[in-house]
Amino acid sequence: VMEKSGPTTGSTGPIKVLHRFAFSSKLRRMTVLALDAAGDGEDKNNLWALTKGAPEALEPMLDPKTLPADYEQSYLRHMTLGRRVLALAHRNLGKNTPDRLAKSKSSRDEVEQKLTFAGLLIMDSPLKTDSARVVKELRAGDQNVVMVTGDAVLTAAEVARRVGIVDAAQHFTYELLCRDDGDAKRDPNGYCFRPLDHSIGRTAHETEGDEIMHSTRPEMEAMVREGKANFCITGDTLTKLAVRAVERTTDSNQSNIDDRTVLNHPAARSALSEMAPFITVFARHAPRHKEAVVAALNSAGRRTLMCGDGTNDVGALKQAHIGVSIVSVPELEKKQRSADEEIDAVRAEEKRERKAAKKKKKKGDSSGKGGVSGEKKPKRNTRADRIERSLRALREAEEELDFVGLGNASVASPFTSRKTSVRCCKDILQQGRCTLVTMIQIYKILGVQCLVNALVLTKLHQKGVKQGDRQLTAVGVVVSVLFLFVTRGKPLPRLSPHKPPSSVMNTETLLSMAVQFGVHFAAIMAVTFISDVYVDPYDPSIVPDGPFHPNTLNTATFLVTVLATINAFLVNYRGRPFMEDLKDNKLLFKSIQGCYLVLFMCASEVFPPLNQLLQLSPLPTSGPPVFDSSEGVGGSGGHDDFDILHDSLLRAVSLIGFRTMLCVIMCLDTALVTVAEKGVRSLLES
């Protein structure tokens, strides 16, 4: 029941809705049958048809006598300003009788004829406060942002321009048309583009030359790539495009094709997948059109993220790779918008005052300084109160959002945000990239660590290399803590245009692991060469299955293998441009520094109790035994490459000492693996 003012007397009476023809996205209108019980004279108890809908959809149903001459120009002008426009109309069906009411209920087409035009309902819907900023950040991150909406094409294009989805000027924003004249010579494919503002305030003769023929995809692609144009398409044109694609591949004609299912035809999907990537605004789209657009983008090889807030978006949300639903509460949005505007106003006032104070300071007006500071105190208090009230309003709005019921969109989408902002789309990309990069670096660390352990358990185990219980416990605790700190890395606030690897099994990851293990293998084998000569051949611990006993070989190899593990955390931490740098992840950075300090303290034996705690044997202080530089290793006099390398390492030990040589190998391992990882990244990125 609605309240209405009488047309002549101004009296107020109820209008009772008897039947409702529901809104249809295909018809783009709705109608109710209402009873005017408070009318005067002949109008009393009359049955009325009250209709609202899209102006272009209602125009054929309106009585030409009631239609103003500037009807089309009026609604087009408001649409170009980004406003939503509805046409209102009515029709007096006569006295309300059971037969007339039953007949009217059964025939919607007869009711919606010869309607009397009542006016245009103009609605200006303010943009979300951060929509333009989020779109700008997404586009700066090399993300293609498009709009899929049920609004008119002019309204959608203007809103897209305001938020930054459309760059081109209005005259260089084109609408895709599907010509009905079948002129194959002028337009072989039957499609053309024309400027959106082609008919606003202009005659048909003036707009005749505006139609730009584009029959090939490369032309469209070049215009979009060079920033010379943006393209829009309506749902009706999308359907015609699909129908003609089906007709070209089958013997069917248009009359035999169902408009509701044609979008799912393979030929239609193929044609749409070629066209969709170059369209920026999809306007006047019904739910089936939205779903078809997302499916076409998927078929074109794009990765789609769909953000919606209503039932009309359910199909598209399910079709997208990532579906995100947000709540839509106009009252709370208005409350948040008012609070944000108040905070922005206070900041603008403070900025103006700071500028004025700087100017006065430059002029050297010291006499006015005291007066200004005295006058500002109450203003600052007032502004603090205004900001406090605004922040309180924002907190209240956030709390109220927690009690808002979720709609069908949240059921269809895997992600639901209890916020009215589209910032959740950027958050998902940032968090997703950060998580992906973190998992890839964890797999790389585990891969390198497993390869090093495999070396220890095979070749080195045959030489009797073992690790003590306290050594294994210490390494296990340190590695667990470092993995925990790796996962604490946070995404950067700015979305990078560079994209991370999409899988662990990629060239960069595998090549990086192979190069890192090659460096560690060389370092471990070098330490084995210089340590092996210090091992007592009669030591029972060198037997593969013998008990653990600290000696020079297992002590040196333990330090180098642990260093390889720490280096894996250092060089595989990705950092920018996807997550914060290693230095910003302070817990991980400090932990790695502490591990290096402990390892080099043990290698140089500056604190012997630490070596004893880790079951490390004292390192040699003299040159290698049974070594004669003139005769080779043990006097064997070998001259192959392996023996030459072995001899060179032992000569270096005899010159600088075992401890120093061990520290040099550890430093070289760290430096080489860092350079190698950077080289692999730069090589594959370039």
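Keep in mind that the numbers below use all heavy atoms, side chains included, and drop hydrogens, waters and symmetry copies.
What you find for Cys434 and Met579 is that their closest heavy atoms are SG-CB, 4.0 Å. Contact between Ile322 and Ile428 at its shortest, heavy atoms only, is CG2-CG2, 4.4 Å. Summarising the geometry of Leu619 relative to Ala603, their closest heavy-atom pair is CD1-O, 3.3 Å, with the distance given to 0.1 Å. What you find for Ser131 and Val163 is that their closest heavy atoms are CB-CG1, 4.2 Å. The minimum heavy-atom distance linking Arg133 with Arg423 is given by the pair NE-NH2, 3.5 Å. The two residues Val146 and Ile165 make their nearest non-hydrogen contact at CA-CG2, 4.2 Å.
Side-chain atoms of Asn506 come within 3.5 Å of backbone atoms of Thr509 as a donor-acceptor pair (strictly under, hydrogens ignored). Listed for the Asn453 side chain is a donor-acceptor partner under 3.5 Å among the backbone atoms of Gln449. Using modelled atom types, one side-chain atom of Thr487 and one backbone atom of Leu484 make a donor-acceptor pair closer than 3.5 Å. Lys290 places no side-chain N or O within 3.5 Å of a backbone atom of Val314 that could act as its donor or acceptor partner. Under the 3.5 Å distance criterion, the side-chain polar atoms of Asn298 are matched with a main-chain donor or acceptor of Gln319. A donor-acceptor pair is defined here as one N or O able to donate and one able to accept, closer than 3.5 Å; such a pair exists between the side chain of Ser682 and the backbone of Gly679. Of the possible polar contacts, one joining the Gln430 side chain to the Pro493 backbone as a donor-acceptor pair under 3.5 Å is found. Looking only at distances, no side-chain donor or acceptor of Arg302 sits under 3.5 Å from a matching main-chain atom of Asn144.
Using a 4.5 Å heavy-atom cutoff, the side chains of Met505 and Leu510 are in contact. Residues Leu495 and Glu137 are not in side-chain contact: their nearest non-hydrogen atoms beyond the backbone lie 4.5 Å or more apart. Residues Phe569 and Val479 form a side-chain contact, since some pair of their non-hydrogen atoms from C-beta on lies under 4.5 Å apart. Here the side chains of Thr557 and Ser531 are not in contact, with every heavy-atom distance at 4.5 Å or above. Between Leu176 and Met275, the closest side-chain pair of non-hydrogen atoms falls below 4.5 Å. Leu649 has its side chain within reach of Met661: a pair of non-hydrogen atoms, C-beta onward, lies under 4.5 Å apart. The side-chain heavy atoms of Tyr573 and Asn585, taken from C-beta on, include a pair separated by under 4.5 Å.
Heavy atoms from other residues, nucleotides or ligands lying under 6.0 Å from CZ of Phe589 number more than 12. Atom NE2 of His321 has more than 12 neighbouring heavy atoms from other residues, nucleotides or ligands inside a 6.0 Å radius. Open room surrounds CZ on Arg488; 12 or fewer heavy atoms of other groups in view lie less than 6.0 Å from it. Arg162 CZ: more than 12 foreign heavy atoms inside a 6.0 Å radius.
Every residue two or more places apart in sequence or in another chain that forms a side chain to side chain contact (heavy atoms under 4.5 Å, CB included) with Arg139 is listed here: Val135, Val145, Asp167. Residues satisfying the side-chain hydrogen bond (donor to acceptor under 3.5 Å, both in side chains) criterion with Glu605, sequence neighbours excluded, are Arg659.
Side-chain contact check for Ser273 and Ser299: no donor-acceptor pair (N or O, by modelled atom type) lies under 3.5 Å. Side-chain atoms of Gln431 and Thr435 form no donor-acceptor pair, as typed in the model, at a separation below 3.5 Å.
To the nearest 0.5 Å, the span separating CG on Leu582 from CG on Asn572 amounts to 11.5 Å. A distance of 10.5 Å separates CD of Gln143 from SG of Cys425, quoted to the nearest 0.5 Å. Note that CG of Asn567 and OH of Tyr596 are 3.5 Å apart. Values are rounded to the nearest 0.5 Å. Distance CE/Met439 to OG/Ser503: 12.0 Å, rounded to 0.5 Å. Distance check, rounded to the nearest 0.5 Å: NZ of Lys590 to CZ of Phe485 gives 13.0 Å. Taken to the nearest 0.5 Å, the CG atom of Leu317 stands 10.5 Å off from the CD atom of Glu291.
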Kindly determine whether Asn554 and Gln471 satisfy side chain to side chain donor-acceptor pair (under 3.5 Å), including the steps that lead there. CA-CA 11 Å; Asn554 58 36; Gln471 292 177 350; 5.5 Å; no
Could you please spell out the steps behind the side-chain contact (heavy atoms from CB on, under 4.5 Å) verdict for Met223 and Phe231? CA-CA 10 Å; Met223 294 181 68; Phe231 298 103; 4.0 Å; yes
May I have the step-by-step check of side-chain contact (heavy atoms from CB on, under 4.5 Å) for Met666 and Thr670, ending in yes or no? CA-CA 6 Å; Met666 293 169 65; Thr670 303; 5.6 Å; no
Run His285 and Ile233 through side-chain contact (heavy atoms from CB on, under 4.5 Å) and show every step you take. CA-CA 9 Å; His285 273 45; Ile233 190 172; 4.3 Å; yes
Between Val475 and Thr565, does a side-chain contact (heavy atoms from CB on, under 4.5 Å) hold up when you go through it step by step? CA-CA 9 Å; Val475 172; Thr565 301; 5.6 Å; no
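Using a cut-off of 4.0 Å between Lys/Arg side-chain N and Asp/Glu carboxylate O, Lys499 and Asp142 are scored as salt-bridged.
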